[in-house]
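A short worksheet on the structure shown next.
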Amino acid sequence: WQNVYIGLGSNLSNPEEQVLKALESLKTLPESQWVTHSKLYFSRPQGPQDQPDFVNAVALLKTRLSPIALLDKLQALEQSQGKVKKRHWGERLIDLDILLYGNETLNTQRLVIPHPFMTERDFVLLPLAEISPDLTLPNHSKIKDLISELPEGFIMSDQT
Ligand SMILES: CC1(C)Nc2nc(N)[nH]c(=O)c2N=C1O
């Protein structure tokens, strides 16, 4: 079994509900075991600012699915939830990203693991640190150190 961390994000159509719904559907993935999920984090958009605030979370599962098989399942979940992605880095109904897959690295057209932008995203690093404070990345960088090196924060609040 491999530990896999999934990043969730939404900023359309009641984002909190979209993230909670996606968390429930992650529990139904085949060949996988649900472990835990972070609180929900509310943040200003990173990148294009002309879009609504985001709700983000991170889930931890154990899976026997290969990275690509998992990606296919996550993309199917996004579609079934009604993923509406108008423009690149624009608003979206739900995003499910593979952040980490065990200690593996992958660089293919469809999938790059660890997620290429995760190290400069507080809305990924903070929920990750909440569920796995001592996590280190395949390149041996520690989540705690990455958090201390972050530029200004986007997080406004997390779910109390
Ligand atoms: C548009 C872009 C880059 N910015 C984001 N900004 C925040 N706060 N949360 C996200 O999930 C997110 N996702 C993105 O893809």
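Here the structure is a predicted model, which is why all the values come from computation and not from measurement. Order of appearance sets the numbers: ligands from 1, and atoms from 1 within every ligand. Numbers for residues simply follow the sequence, beginning at 1.
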* Does at least one non-hydrogen atom of Arg92 fall below 4.0 angstrom from an atom of ligand 1? -> yes
* Ligand-residue contact atoms, ligand 1 with Pro45, heavy atoms, under 4.0 Å -> 6 (N), 8 (N)
* Subset of ligand 1 atoms that lie under 4.0 Å from at least one heavy atom of Arg121 -> 3 (C)
* To do: May I ask you to check if ligand 1 and Asp95 share an N or O to N or O distance below 3.5 Å?
  => no
* For the residue pair Leu135 and Lys144, establish whether any side-chain heavy-atom pair is separated by less than 4.5 Å. => no
* Answer with yes or no whether the hydrophobic clustering places Leu61 together with Ile68; edges join I, L, V, M, F, W, Y residues whose side-chain heavy atoms lie under 4.5 Å apart. => yes
* Structure fact -> residues 98-109 vs side-chain hydrogen bond (donor to acceptor under 3.5 Å, both in side chains), sequence neighbours excluded, gives Gln2-Glu104
* **Contact atoms of ligand 1, heavy-atom distance to Ser43 under 4.0 Å** => 7 (C), 8 (N)
* Gln75 versus Arg110, side-chain donor and acceptor atoms under 3.5 Å -> yes
* **Single-linkage hydrophobic cluster Phe54~Val124, side-chain heavy atoms < 4.5 angstrom** => no
* Asked: Any side-chain heavy-atom pair from Val4 and Ile98 closer than 4.5 angstrom?
  -> yes
* Which bit of Asn56 gets closer than 4.0 Å to ligand 1, counting heavy atoms only: side chain, backbone, both or neither? -> side chain
* To do: Please state which part of Arg44 comes within less than 4.0 Å of ligand 1, counting heavy atoms only: side chain, backbone, both or neither.
  => backbone
